[in-house]
Amino acid sequence: MDTTKLDRLIDALVYEGYLLYPYRPAIKNQVRWTFGGVYPRSWSEAEPGRDRWRTRANLLHDGVPAVLEIQVRFLQIVDRVIAVQAGDDWDVVPCLTVDDTQYHSWQECRERRVELSLNLRNVLAQKLSHRFAFSADESRKEILALNGQTAGMLIRRQVAVRGRIEILASPVGENASLIEISVANETEMPASAEAPQQSAVSASAADRAAASSRALAATHAVVRTCGGQFVSSIDPSPEYRAVIDSHPSDGLWPVLVGPDEARDTMLCSPIILYDYPQIAEESHGDFFDATEIDEMLTLRVLTLSDDEKRQVAAFDERGQALLNRTRALAERQLATLHGVTRQLGSGES
């Protein structure tokens with residue numbers, strides 16, 4: 001299958017809500033990482049129902065036992081901190097302006113992938129557990145004024161995250177197997193945030209921020225089979241309907257991806273999709289809001305004032321790339337965004 005198209009689809013889903021119009025500091029951009037977050041277990045269990053610490057997909061495989069290739073993708077949060085010197089120490093500030101250039105404290109991210117390859121026979125009635133970890137990191141860069149003086153410090157920090165992928169298959173017929181894939185967050189919380197809270201309201205902003213920095217954000221999984229085929233979870237044949245209905249997924253919903261009628265790849269997403277979802281060919285890039293209309297967001301970006309565009313460029317690198325790409329669209333490319341219709345069920349969005 002064309003992995004380029006699949007990667008573009010996954011990128012659109014993983015970055016859904018990353019940065020919303022007007023693509024600069026605003027109320028809409030205060031709450032982020034809203035889809036597919038898998039949080040530290042101690043944080044989630046302190047207030048049941050608040051945030052998942054484990055997410056699960058159930059896939060039905062039909063055919064002889066095969067080799068499965070599993071790829072779990074998520075975003076690791078990076079805290080971008082702007083600090084100014086205060087005596088011998090540095091104080092964090094939300095924003096710093098140096099020679100008409102603005103610098104903002106903000107949360108960025110790093111894409112993470114964990115890949116596994118296994119024989120389906122090896123996980124029939126015997127759970128496979130795979131642990132993964134990504135270490136803490138910190139980088140510092142001086143913010144220099146035009147006169148050469150240090151005006152501030154740009155600090156990027158990420159805390160270590162740890163997780164576990166579990167795979168278990170159970171036979172449900174002569175040739176069929178139900179495959180359960182779960183992703184759990186085993187990252188430890190700071191001691192101040194581990195104590196159970198009386199309610200979600202009582203959780204401090206600092207504890208919430210600590211949990212968010214340790215989350216596996218926008219968690220997705222891609223599963224390929226080399227032999228046999230997957231059964232649609234949305235429209236299964238009558239013989240498999242009862243099995244699928246009695247084994248619901250939790251937080252990761254599998255759909256078939258690739259060319260129509262292909263059944264060798266499943267995308268497990270926290271955003272519920274139809275089988276064979278696609279990015280419309282008229283779309284020239286991601287606006288981090290796949291539920292919106294490209295034409296509308298393109299026109300909104302083009303009508304930003306010069307000052308607003310400067311703020312977008314200073315706020316986030318992906319926002320700057322979005323701005324540059326949109327401003328570079330030719331008239332004929334803009335025209336293709338308007339007036340396209342397709343049959344319902346084509347899988348495009």
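Each residue takes its place number in the sequence, starting with 1.
- For the pair Arg80 (side chain) and His104 (backbone), a donor-acceptor distance under 3.5 Å is present.
- The backbone N or O of Pro40 lies less than 3.5 Å from no partner atom in the side chain of Thr187, so there is not a single donor-acceptor pair.
- Looking at Gln107 and Arg32, their side chains come closer than 4.5 Å, going by heavy atoms from C-beta outward.
- To the nearest 0.5 Å, atoms OH (Tyr15) and CD (Glu111) are separated by 3.5 Å.
- Salt bridge absent: Asp286 and Arg325 never bring a charged side-chain N and a carboxylate O closer than 4.0 Å.
- Heavy-atom contacts from other residues, nucleotides or ligands closer than 6.0 Å to CZ of Arg121 number 12 or fewer.
- Separating the CD atom in Gln320 from the NZ atom in Lys309 is a distance of 13.5 Å, to the nearest 0.5 Å.
- Ion pair Arg52/Asp250 flagged as a salt bridge, since at least one NZ, NE, NH1 or NH2 atom sits closer than 4.0 Å to an Asp/Glu carboxylate oxygen.
- The closest side-chain heavy-atom distance from Arg263 to Leu256 is below 4.5 Å.
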Step by step, work out the side chain to side chain contact (heavy atoms under 4.5 Å, CB included) result for Val123 and Leu168. CA-CA 5 Å; Val123 291; Leu168 175 65; 5.7 Å; no
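- Contact check on Arg24 versus Glu308 returns a salt bridge, with a Lys/Arg side-chain nitrogen under 4.0 Å from an Asp/Glu carboxylate oxygen.
- Note: Phe315 and Trp106 have tilted aromatic rings, judged against thresholds of 30 and 60 degrees for the angle between ring planes.
- Here Asp137 pairs with Arg110 in a salt bridge; the nearest charged N to carboxylate O distance falls below 4.0 Å.
- The aromatic rings of Phe74 and Phe134 sit perpendicular to each other, their planes meeting at more than 60°, with 30° as the lower class boundary.
- Atom CG of Asp307 sits in a crowded spot, with more than 12 heavy atoms from other residues, nucleotides or ligands closer than 6.0 Å.
- The closest donor-acceptor contact from the side chain of Arg41 to the backbone of Glu188 lies at 3.5 Å or more, if one exists at all.
- The closest side-chain donor-acceptor pair between Asp62 and Tyr240 falls under 3.5 angstrom.
- Checking side-chain atoms of Lys28 against main-chain N and O of Tyr21 turns up a donor-acceptor pair under 3.5 Å.
- Using a 4.0 Å cut-off between charged side-chain N and carboxylate O, Glu115 and Arg224 make no salt bridge.
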Evaluation steps, side chain to side chain contact (heavy atoms under 4.5 Å, CB included), between Ile234 and Leu273: CA-CA 9 Å; Ile234 297 174; Leu273 306 166; over 6 Å; no
Apply salt bridge (Lys or Arg N to Asp or Glu O under 4.0 Å) to residues Arg208 and Asp51 and explain how you reach the verdict. CA-CA 11 Å; Arg208 179 72 198 182; Asp51 296 301; 2.6 Å; yes
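- In this structure, CZ in Arg241 is found 11.5 Å from CG in Leu60, a value given to the nearest 0.5 Å.
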